[in-house]
Amino acid sequence: MPRLVLPNTKYKESYMSALFEFQQEDLWPDLDREFLENRFDDYIAEFEKTRKGLGLPLGWVAATEYWWVEGDEFIGRIDIRHRLTDALKKFGGHIGYEIRKKYRGKGHGKNMLKAVLPFAKNLNIEKVLITCDSTNIGSQKVILSVGGVLQDEINNEGRDEPTQRYWVEL
Ligand SMILES: CC(C)(COP(=O)(O)OP(=O)(O)OC[C@H]1O[C@@H](n2cnc3c(N)ncnc32)[C@H](O)[C@@H]1OP(=O)(O)O)[C@@H](O)C(=O)NCCC(=O)NCCS
């Protein structure tokens, strides 16, 4: 059974393959594969700092990253931003996620989001905001599967598609 874990070097090999796949579809553009290959321990340590809210870039909030894994295989990732900023209210919300292409359409997105919600509740978040592009049918179904209620659809500067904003009561 897949489960959520905190980032761990144990998954490096699988994670590096996932990174390559995501970049093939223009996701995770900011991650430097060579850097990660050489400094994976530092990368993992950064997640811990971000979780504790230490050394955050200006405008960032503390966030907890989880990996959805089965055995040694990395299937996807999801993170919880501990609070909303004005920017996150417009785009990004509390939670963001991706599932590797080869694992999509098998229920992982729905199961992973469902599994992370108790962790959001533990962070004293009462209502979770999740945003997605109006064209992202897969993500919309994932959000609806945990009781997401559509608030509205807004235009965000620099984005081609309108952004849908959903709330999930915990
Ligand atoms: C969105 C995403 C996380 C969904 O993950 P997933 O593991 O495929 O989700 P599930 O298998 O739980 O599928 C959810 C539903 O959406 C459907 N679906 C998934 N991808 C779809 C797509 N590209 N087009 C239409 N429907 C899709 C599934 O068939 C399923 O439908 P069902 O409820 O009728 O059974 C995944 O497609 C992904 O990582 N996409 C790229 C990154 C991304 O968009 N992240 C979210 C940003 S808001």
Side-chain angles (χ1 to χ4, degrees), residues 1-7 11 13-33 36 43 47 50 59-61 63-120 123 125 127-170:
M1 283 284 283
R3 63 197 176 104
L4 289 176
V5 296
L6 292 174
Y11 304 101
E13 193 182 328
S14 179
Y15 188 90
M16 291 306 295
S17 304
L19 171 56
F20 177 77
E21 294 162 16
F22 281 126
Q23 292 193 334
Q24 294 292 103
E25 49 174 340
D26 293 332
L27 293 169
W28 300 10
D30 298 334
L31 288 184
D32 180 338
R33 287 215 299 281
L36 260 65
Y43 181 57
F47 284 120
T50 303
W60 284 45
V61 298
T64 306
E65 166 106 354
Y66 295 95
W67 290 353
W68 187 242
V69 300
E70 187 162 27
D72 288 343
E73 184 75 344
F74 171 91
I75 298 171
R77 67 161 288 278
I78 189 161
D79 72 326
I80 308 172
R81 291 129 206 166
H82 298 187
R83 66 178 179 83
L84 295 174
T85 60
D86 286 344
L88 287 171
K89 283 178 190 162
K90 287 192 198 149
F91 184 82
H94 284 106
I95 292 181
Y97 45 82
E98 292 94 34
I99 293 287
R100 284 170 82 170
K101 203 168 190 173
K102 64 179 171 185
Y103 289 116
R104 290 180 196 157
K106 301 175 194 292
H108 286 296
K110 289 180 184 178
N111 293 337
M112 181 173 72
L113 179 57
K114 189 173 170 205
V116 91
L117 293 179
F119 292 106
L123 289 165
I125 300 171
K127 266 173 86 179
V128 168
L129 177 66
I130 310 177
T131 71
C132 77
D133 286 352
S134 62
T135 49
N136 194 339
I137 306 298
S139 190
Q140 287 159 25
K141 286 188 169 180
V142 166
I143 299 166
L144 292 171
S145 77
V146 295
V149 175
L150 180 64
Q151 173 185 295
D152 56 13
E153 209 170 270
I154 57 167
N155 287 314
N156 267 307
E157 207 177 308
R159 296 201 63 86
D160 295 338
E161 308 297 340
T163 302
Q164 293 189 338
R165 301 194 287 188
Y166 292 85
W167 290 96
V168 182
E169 294 258 9
L170 299 181

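Whatever order the structure lists ligands and atoms in, that order sets their numbers, starting from 1. Note: hydrogens, waters and symmetry copies are ignored here, and every other heavy atom, side chains too, is used.
Counting non-hydrogen atoms of other residues, nucleotides and ligands closer than 6.0 Å to CD of Gln23 gives a total above 12.
Checked against a 6.0 Å centroid threshold, the rings of Tyr103 and Trp68 do not count as neighbours. Centroid-to-centroid, the aromatic rings of Tyr11 and Phe74 stay 6.0 Å apart or farther.
Contact shell of ligand 1 (protein heavy atoms, cutoff 4.0 Å): Leu27, Tyr97, Glu98, Ile99, Arg104, Gly105, Lys106, Gly107, His108, Gly109, Lys110, Thr131, Cys132, Asn136, Ile137, Gly138, Ser139, Lys141, Val142.
A donor-acceptor pair is defined here as one N or O able to donate and one able to accept, closer than 3.5 Å; such a pair exists between the side chain of Arg81 and the backbone of Gly93.
Each of Gln140, Gln164, Arg159 was evaluated against Asp133; a single residue qualifies, Arg159, per the side chain to side chain donor-acceptor pair (under 3.5 Å) test.
A heavy-atom distance below 4.5 Å is found between the side chains of Ile99 and Arg104.
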